[in-house]
Amino acid sequence: MDALSPRRKARAWLLALCCALPLVFSGPAAAQGTHAACEKLPAVQVPGAQKQISACLEDLSTRSLVLSGHTDAADWRALHSQQSRNPERAVPGMQVDGYFPDTSTSNGYHGWNHDAQFVMRLPDHWNGKLVITGAPGLRRQYAPDFLISDWMLARGYAYASTDKGNSGLWFYRDGAAPGDAMAEWNQRVTELTLAAKQVVQQRYGRAPAFTYMTGISNGGYLTRHALEQYPELYDGGVDWEGPNWQTGAPNMLTNLPAALKYYPRYAFGDASAHQKMLAAGFAPGSEPLWAEHYALYWDLTARVFREELDPDFDGWLEAGIPFCASGFPLCDADYNFAARAKLVKPALSKIALNGHIGKPLITVQGDLDTVLPPKVHAEPYLALIRKAGQSALHRYYLVEGGNHVDQLYDVFPTLLRPILPCYRA
């Protein structure tokens, strides 16, 4: 991180202190029902939405939304530690679900089988501010509910989230050309932001005084892109471990194929393979996490994103061959980004970051992130910001013991610590 002034050092110390504190513990789930005061208010209309449904609820927190069917725990359950707790007080207000016009059908929520779905939550006791987010990974609009929505609503923020326009393991089938599916993610964030601002105006009679963009993983990438391309729509953002997409290396197509190639050799005791893993950006000390990540994250993530950006690599195959060994024909373990960089550049150009953030941005990253290692993702993006001359707008916090998914703290409690308290601070 750039040298800190005494004031910024004090802020950094305060953040470190907050990260060390336990989260607020929650009480028992509140009974959920309709909210009579809300029902007396005029209905809101989401500009541009093809379909919407609204519900006035006594509590917009996930513990109650699960009971009333206004969220899907399967979308967010595996993202947080079981030790994490959210505020206990009920947050009455309105939830609006719906979708914008789209041609893809990967999102089956509500039986709609329609993408570009969104959720908006409007608390009765509004603090005058709006938070926008997008789904992490290949999940859908409810994925940030426990990590982000609960905390923001308890503090009075209005909230809106998008499914990014496509989701699931076959998201790459959307779009006419490589990179189109991911480029749509950014378009959907802009669409949601513009609509949510107008919905807030309708609901409260005034525009939000501040609008923030935030997100985890792919949501962090969306935050970076939004503050680069449409800074006039936002007042700042918090990027929680977003991936680094540039037209060149490093990126996800460089470190993940290396993991697929060298981890099996490392697992069988090859010392040189261990050095190759470290050279690919994986942090020393993260070795106990490698088996878990090879089984659950690296293989699938490498194949589906390579298919989206470079589908010709494996010819007629779709997203390669799961867990193939290096040397097997068309195996993603042998994907060579340097050799294919010119072929992939047109697709990467559609989603590439440039570092020209136009509003303040905070990046929070774990030093043991074993999906998107800081050396491959956070640090190169920090360099982009510096090159663009925007360092004054950026703060970067590297959390010791932080991993890409807080849930793994429950599996490795002596090695890891959750990033969620640091993000909330």
Pairs involving [range], ordered by first then second residue, that meet salt bridge (Lys or Arg N to Asp or Glu O under 4.0 Å) (sequence neighbours left out):
range	answer
residues 210-235	R224-D239
residues 365-381	none
residues 199-216	D124-R203

Check your understanding: Between R63 and E88, is there a side-chain N and carboxylate O pair less than 4.0 Å apart?
Key ->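 Salt bridge between R63 and E88, a charged N being under 4.0 Å from a carboxylate O: no.
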
Practice item. For the pair R303 and D332, find out whether any cationic side-chain nitrogen is under 4.0 Å from an anionic carboxylate oxygen. Key: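 Not counted as a salt bridge, because no side-chain N and carboxylate O are separated by less than 4.0 Å.
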
[atom1]-[atom2] distance between [X] and [Y], expressed to the nearest 0.5 angstrom:
X	Y	atom1	atom2	result
L192	S161	CG	OG	7.5 Å
L253	L348	CG	CG	6.5 Å
H70	S64	NE2	OG	11.5 Å
W151	R155	CH2	CZ	3.5 Å

Backbone N/O of [Y] and side chain of [X]: donor-acceptor pair under 3.5 Å:
X	Y	answer
T254	N251	yes
Q141	D163	no
Q117	R140	no
D314	G320	yes
N86	F146	yes
H377	P373	no

Point to revise | Verdict with reasoning, L57 to L60, per side-chain contact (heavy atoms from CB on, under 4.5 Å) | key: CA-CA 7 Å; L57 303 171; L60 294 171; 4.0 Å; yes

Under the salt bridge (Lys or Arg N to Asp or Glu O under 4.0 Å) test, residues paired with [X] that sit two or more places apart:
X	result
D72	none
E292	none
E191	R188
D145	R121

Taking all non-hydrogen atoms of both residues into account, name the closest pair between [X] and [Y] and its distance.
X	Y	result
A135	A143	CB-CB, 4.5 Å
A259	M277	CA-SD, 3.7 Å
A352	H225	O-CD2, 4.4 Å
I357	L393	O-CD1, 3.5 Å
G156	W126	O-CD1, 3.2 Å
P208	K197	CD-O, 4.1 Å

Report yes if the distance between the aromatic ring centroids of [X] and [Y] is under 6.0 Å, otherwise no.
X	Y	result
F305	Y172	no
W298	F282	yes
F118	F100	yes
Y396	Y381	no

Check your understanding: Can you list the residues that meet the side chain to side chain contact (heavy atoms under 4.5 Å, CB included) rule with Q198, with sequence neighbours excluded?
Key ->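 Scan of Q198 (side chain to side chain contact (heavy atoms under 4.5 Å, CB included), adjacent residues dropped) gives P47.
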
Review point. Taking only residues two or more places apart in sequence, or in another chain, which ones meet Q45 in a side chain to side chain contact (heavy atoms under 4.5 Å, CB included)?
Key: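 With sequence neighbours excluded, Q45 shows a side chain to side chain contact (heavy atoms under 4.5 Å, CB included) to A43, Q52, Q202, given in chain and number order.
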
For residues [X] and [Y], is any side-chain donor paired with an opposing acceptor at under 3.5 Å?
X	Y	answer
T162	W185	no
Y230	N186	no
Q365	E241	no
Y234	T193	yes
D115	N166	no
T62	D150	yes

Practice item. With sequence neighbours excluded, tell me which residues meet ring pair (Phe, Tyr, Trp, His ring centres under 6.0 Å) with H110. Key: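 Per chain and number, H110 pairs via ring pair (Phe, Tyr, Trp, His ring centres under 6.0 Å) with W112.
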
**Study point:** Ring geometry between Y109 and Y142 (parallel below 30°, tilted from 30 to 60°, perpendicular above 60°)
**Key:**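 Judged by the thresholds at 30° and 60°, the geometry between Y142 and Y109 is tilted.
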
Check your understanding: Parallel under 30°, tilted from 30 to 60°, perpendicular over 60°: which one fits the rings of W290 and Y263?
Key ->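 Plane angle over 60°, so perpendicular.
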
Review item, side-chain donor-acceptor pairs of residues 211-220, under 3.5 Å, at least two apart:
unit_1 : atom_1 : unit_2 : atom_2 : d
T214   : OG1    : V238   : O      : 2.7
T214   : OG1    : Y423   : OH     : 2.7
S217   : OG     : H404   : NE2    : 3.0
N218   : ND2    : G137   : O      : 3.0

Review point. Take atom CD in E318; do more than 12 heavy atoms of anything else shown fall under 6.0 Å from it?
Key: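 Above 12, so yes.
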
Determine whether [X] and [Y] make a side-chain contact, defined as any pair of heavy atoms from C-beta on separated by less than 4.5 Å.
X	Y	answer
I53	V96	no
N107	H114	no
Q407	L79	no

Review point. With sequence neighbours left out, which residue pairs that include part of residues 342-358 fulfil the side chain to side chain donor-acceptor pair (under 3.5 Å) condition?
Key: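 Every side chain to side chain donor-acceptor pair (under 3.5 Å) pair that includes a residue of residues 342-358, provided the two are not neighbours, is D180-K350.
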
Point to revise | CA sep, side-chain torsions, deciding dist, call: D406, S81, side chain to side chain donor-acceptor pair (under 3.5 Å) | key: CA-CA 5 Å; D406 275 4; S81 166; over 6 Å; no

